[in-house]
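Have a look at the structure below, then the notes.
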Amino acid sequence: MRGKGSPCSIYGILACLIVVLAKADNPYRFLTWTVTYGTISPLGVPQQGILINGQFPGPQLDVITNDNLDINVINKLDEPFLLTWNGIQQRKNSWMDGVLGTNCPIPPNGNFTYRFQPKDQIGTYFYFPTTLMHRAAGGFGGMTVFKRVVIPAPYPPLAGDHQALIGDWYKTNHKDLQKMLDMGRPLAFPDGILINGHANGAYFYADPGKTCFIRISNVGLQTTLNFRIQGHKLKLVEVEGSHTIQNVYDSIDVHVGQSYGVLVVADQPPKDYYVVASTRFTDRVLTSTAIFHYRNTNIPLSLPLPPAPTDVEWSINQARSIRWNLTTNAARPNPQGSFHYGLIKPMRRFVLANSAPLINGKLRYAVNEVSYISPETPLKLADWFNIAGVFDFNTFPSVPSGGFARLGTSVVASSLHDYVEIIFQNNENTIQTWHIDGFSFWVVGMGIGQWKSDSWRTYNLVDAVSRHTTQVYPNSWTAIYLSMDNQGMWNARSAMWARQYLGQQLYFRVFSSERSLAREYSIPHNTLLCGRARGMLIS
Ligand SMILES: *[C@@H]1O[C@H](CO)[C@@H](O)[C@H](O)[C@H]1NC(C)=O
Ligand SMILES: *[C@@H]1O[C@H](CO)[C@@H](O)[C@H](O)[C@H]1NC(C)=O
């Protein structure tokens, strides 16, 4: 069914491999993505980058809600490779999640076709490589799930839709970064900040007097970034697939792995304005700029740059001000707020505390004193084929135990539809960001110090935003409510990639004893097999 179609010309090189087939229900989109090394020089020094179809960042993946995607990823690197679709809830389909607990990595010169349907998740996402330290070299790109024409959006028609992929960047080769981590050394301070792959000078085009949508995602490795546009306000309308109360901000703190959708009105005297991304919660501040360019003008940029907030309180207050719009639609016919998350009492509570212990003399990162190691056999395959000894459910403590840290393969058993409360307790002096695959969760509270049993009194049980990645401030906690309504094997991890790589992650296995396609899809025929699942029969 693959071929070259006519819609290509308007989209450029990549999309020449897209064919939109007018199938009975939802259209299919076929793409072929070839992953290669290539020389890039975002900080002025040539270095080895990871390209997708020759591009850095990778191609923008624009889809319409409920499209059927068929993305054949061909790995031409010399290392195993996987992509994940950050925040896309693979409904009943953890087979396509693209992390080492769900998928065998695509071997060099191998390929794997991701087949999935982003359902009811209109919003801003990005994809990125999950294996080794590939994310430090590229392989990421923006992903937008657009509404269908018949679905109303809580904002007027737009004159432009832009992706702003911001992130810290290193001149060091990804394999050398990985070697340092393997030796037990922490990731150093980054060398710079990139906006859409450029340290300076990326363009955002604006039509005078009109409103455009800017989709900001922090695709970096470890640093929170503040995003702002000189002389312009940012009206927040969407966070990771949820429509928000439309607050207006001068700038937004974007933590690693998070995505925000803002409206910007080009209502200033026509000229060029600075777009700024600068580091937060760091001793030294790195700043990078891009250009907000009013069309049909040639009046150049002028200083000063808009200032960034400097304190933590500002960021916490902003986080608390971000709320769900209960009356607007999401991609569903019902209003977002029709599930009254705050009226349901969680049946289980987990306290997940991060730490940076030494294990066998080397720096690792851990959750409740367990530092995750990936078995050669993906957990999902071990589960499906009943391969014993890959993981067990009984070793991960649901609260920090305070003992010595150890290595382990943490999997938490959960029943389908369990409603849980998770407290992320951060007793380190650095900011954290946590991401959970497969779900959106309500960020009900944040506070300084230790979470206590009466901390729930400060929770927002009415209109907390539902999202997939949350920050946890230094020496603070963040509480979330989560409905385990998606059967499968799901990764919960630090979005800060060195931390994830060195063990700050675990899996939730959401299960019901009944095997039915209504609950979870069966193993896809093209599943790659590895480890002890090699040679198993897929029926
Ligand atoms: C690899 O690509 C071929 C088409 O070129 C496809 O038929 C095959 O299913 C792909 N392999 C996997 C594991 O998806
Ligand atoms: C919530 O969404 C509704 C419907 O789209 C919109 O009319 C309203 O202005 C929004 N409320 C706020 C406070 O942003």
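This structure is a prediction, so every number in the text was calculated from the model and none was measured. Counting starts at 1 for both ligands and their atoms, in listed order.
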Compute the centroid of each ring, for Trp85 and then for Phe116, and state whether the two points are separated by less than 6.0 Å.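 Judged by ring-centre distance (under 6.0 Å), Trp85 and Phe116 do meet the cut-off.
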Examine Trp33 together with Tyr114 and report whether their ring centres are nearer than 6.0 Å.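 For Trp33 and Tyr114, the ring centres are not under 6.0 Å apart.
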For the residue pair Ile166 and Ala277, what are the closest heavy atoms and their distance?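 Minimum heavy-atom separation between Ile166 and Ala277: CG2-CB, 4.3 Å.
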Indicate the atoms forming the closest heavy-atom contact of Asp383 with Phe391, along with that distance.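 Looking at all heavy atoms of both residues, the shortest contact is OD1-CZ, 4.2 Å.
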Close-contact set for ligand 1 against [X] heavy atoms, below 4.0 Å:
| X | answer |
| --- | --- |
| Leu528 | 13 (C) |
| Thr113 | 10 (C), 12 (C), 14 (O) |
| Asn72 | 1 (C), 2 (O), 3 (C), 4 (C), 5 (O) |
| Asn526 | 12 (C), 13 (C), 14 (O) |

Do we get Arg509 above Trp384's six-membered ring, with its NZ or CZ under 6.0 Å from the centre and within 45° of the axis?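 No, Arg509 and Trp384 do not form such a contact.
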For residues Tyr155 and Thr211, is any side-chain donor paired with an opposing acceptor at under 3.5 Å?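 No, no side-chain donor-acceptor pair sits under 3.5 Å.
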Quick one about Lys76 and Asn109 (side-chain donor to acceptor, distance below 3.5 Å, no hydrogens or angles considered), yes or no?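 Side-chain D/A pair, Asn109 to Lys76: present.
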Return the residue, atom name and 0.1 Å-rounded distance of the protein heavy atom closest to [atom].
| atom | answer |
| --- | --- |
| atom 4 (C) of ligand 2 | Thr328 OG1, 3.7 Å |
| atom 1 (C) of ligand 2 | Asn325 ND2, 1.4 Å |
| atom 14 (O) of ligand 2 | Gln246 N, 3.1 Å |

Of the listed options (Leu529, Asn111, Ile71), which comes nearest to atom 10 (C) of ligand 1 when hydrogens are ignored and any heavy atom counts?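 Going through Leu529, Asn111, Ile71 one by one, Asn111 has the nearest heavy atom to atom 10 (C) of ligand 1.
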Short list, please: which atoms of ligand 2 are under 4.0 Å from a heavy atom of Pro154?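 Atoms satisfying the 4.0 Å criterion: 5 (O).
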Per-atom contacts of ligand 2 with Ile245, taking only distances under 4.0 Å to non-hydrogen atoms: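 Close to Ile245: 13 (C), 14 (O).
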Before signing off on this row, confirm whether Thr244 and ligand 2 have an N or O atom pair separated by under 3.5 Å.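 No; every N/O pair is 3.5 Å or more apart.
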Indicate the ring-plane relationship of His174 and His134, choosing parallel, tilted or perpendicular according to the 30° and 60° boundaries.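 Rings of His174 and His134: perpendicular, as their planes differ by over 60°.
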